[in-house]
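Beneath this line is the structure, given in structure tokens, with notes to follow.
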Amino acid sequence: MAKIYTEKDADLSPLLGKKIAVLGYGSQGRAWALNLRDSGMNIIVGLERKGESWKRAEQDGIFPQLTEDAVREADVIIFLIPDMAQRTVYLEKVKPIMKSGVDLVFAHGFNIHYKLIEPPLTSDVYMIAPKGPGPTVREYYMRGGGVPALVAVHQDVSGSALKKALAIAKGIGATRAGVIETTFKEETETDLIGEQTVLVGGISELLRAAFTNLVELGYQPEVSYFEAINEMKMIVDLIYEKGITGMMTAVSDTAKYGGLTVGKKLIDDNVKRKMREAAQRVRDGSFANEWIEEYNKGMPTMKSMLEDLKNSKEEQVGAALRELALRGKPKS
Ligand code: NDP
Ligand code: MG
Ligand code: MG
């Protein structure tokens, strides 16, 4: 059984009075900086350039500094810039400047697990990985709640790395929900396998294939879009709130019978074999190598695939129809 921590298990004190540098002010960076500040922690924000995030931070009443200046003062350094940018920033702006014995903190295990960052043996290294996007981390916190998170410790020099990870989890609101203990390996691998096989990859292509199938059979694209793509939200909301069995109770008996029997035929052993192959490429590091190479080339494959997606029939039809669906959504 997984170890789950809540409010009663966490205490801000191990980090009170410490200078916490949040590097990055994007999706997670903004949410963490504001939540930690509002929880009474001493944060500074470090940025590479006076760009969009710099302006945004100033509008929020946070006065950012250049990365190296924030790092110089910090007792704790939190990496909330894109995973692929972390190694360079670490090598050029963090490692040569940071005080000895600072804590290095991550929101995802990629750089540590795949050894892109090899931290000094004098640092505590730990992770708090929220299981939701940054804006939700901020919104839930402000409404008195929190997004659940995973915590993990990679290096524990002080003996209190887990306590400090829980302090940050509490500071961002995660312990108001629940925090599960994991390892950098488990978090990194499950995150990548999950986003590839289901959340980002599997689901998008399933919806697109379902749309194309209907359109090729001669059904109207608008009707096909509602059926194959748009209605997914209502089904997912039901699963989120009541589980798959609960969702089944909300659909018709005809949908239940057809779904249960045909679903099994679609997601067959062949699909499961391919999921296992994807997982294997994550576990043996070949996906990470492929992605690093793609990133270093300027992401040509990703850019061209995104362009194809944007120009696809389903996205064109969807743009107009989503407005209709949103118009019917109750205001709050
Ligand atoms: P973002 O893409 O939102 O980060 C953007 C921030 O990083 C901005 O402040 C941006 O500054 C800065 N930045 C962009 N490129 C660079 C660069 N090359 N060098 C230095 N700074 C740069 O990141 P996320 O919040 O999505 O991710 C941060 C971490 O959180 C990652 O480890 C990610 O895996 C993890 N995570 C993310 C989740 C999410 O939902 N987004 C969920 C859970 C974990 P500027 O505006 O100047 O470009
Ligand atoms: Mg994830
Ligand atoms: Mg991910």
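One-based numbering, in listed order, for ligands and for the atoms of each.
A250 and L238 make their closest contact through CB-CD1, 3.7 Å (heavy atoms, listed as atom of the first residue, atom of the second, distance). Nearest heavy atoms, N42 versus G17: ND2-O, 4.2 Å. Closest approach of E315 and K310 over heavy atoms only: CB-O, 3.7 Å.
Annotation for ligand 1: atoms under 4.0 Å from non-hydrogen atoms of S53 are 8 (C), 9 (O), 10 (C), 11 (O), 45 (P), 46 (O), 47 (O). Those atoms of ligand 1 with a heavy atom of D83 less than 4.0 angstrom away are 31 (C), 32 (O), 33 (C), 34 (O).
Using a cutoff of 4.0 Å between basic side-chain nitrogens and carboxylate oxygens, R273 and D269 are not scored as salt-bridged.
For A129, the heavy-atom gap to ligand 1 stays at 4.0 angstrom or more. Not a single heavy atom of K50 sits closer than 4.0 Å to an atom of ligand 1.
In this structure, of P82, G46, G24, G26, the residue bringing a heavy atom nearest to atom 13 (N) of ligand 1 is P82.
Of the heavy atoms in L47, only side-chain atoms (C-beta onward) come closer than 4.0 Å to ligand 1. Contacts between Q86 and ligand 1 below 4.0 angstrom, taking non-hydrogen atoms only, involve the side chain exclusively. For Q28, heavy-atom contacts with ligand 1 shorter than 4.0 Å involve the backbone as well as the side chain.
Residue E48 places no N or O, backbone or side chain, under 3.5 Å from any N or O of ligand 1.
Of the possible donor and acceptor atoms, none in the side chain of N213 sits under 3.5 Å from a partner among the backbone N and O of A209.
Looking only at side-chain heavy atoms (C-beta outward), M84 and F110 come within less than 4.5 Å of each other.
A ring-ring contact (aromatic ring centres under 6.0 Å, His included) check over residues 211-256, counting only residues at least two apart or in different chains, returns nothing.
Vertex the Mg ion (ligand 3); arms to D191 atom OD2 and E195 atom OE1; angle 100° (nearest 10°).
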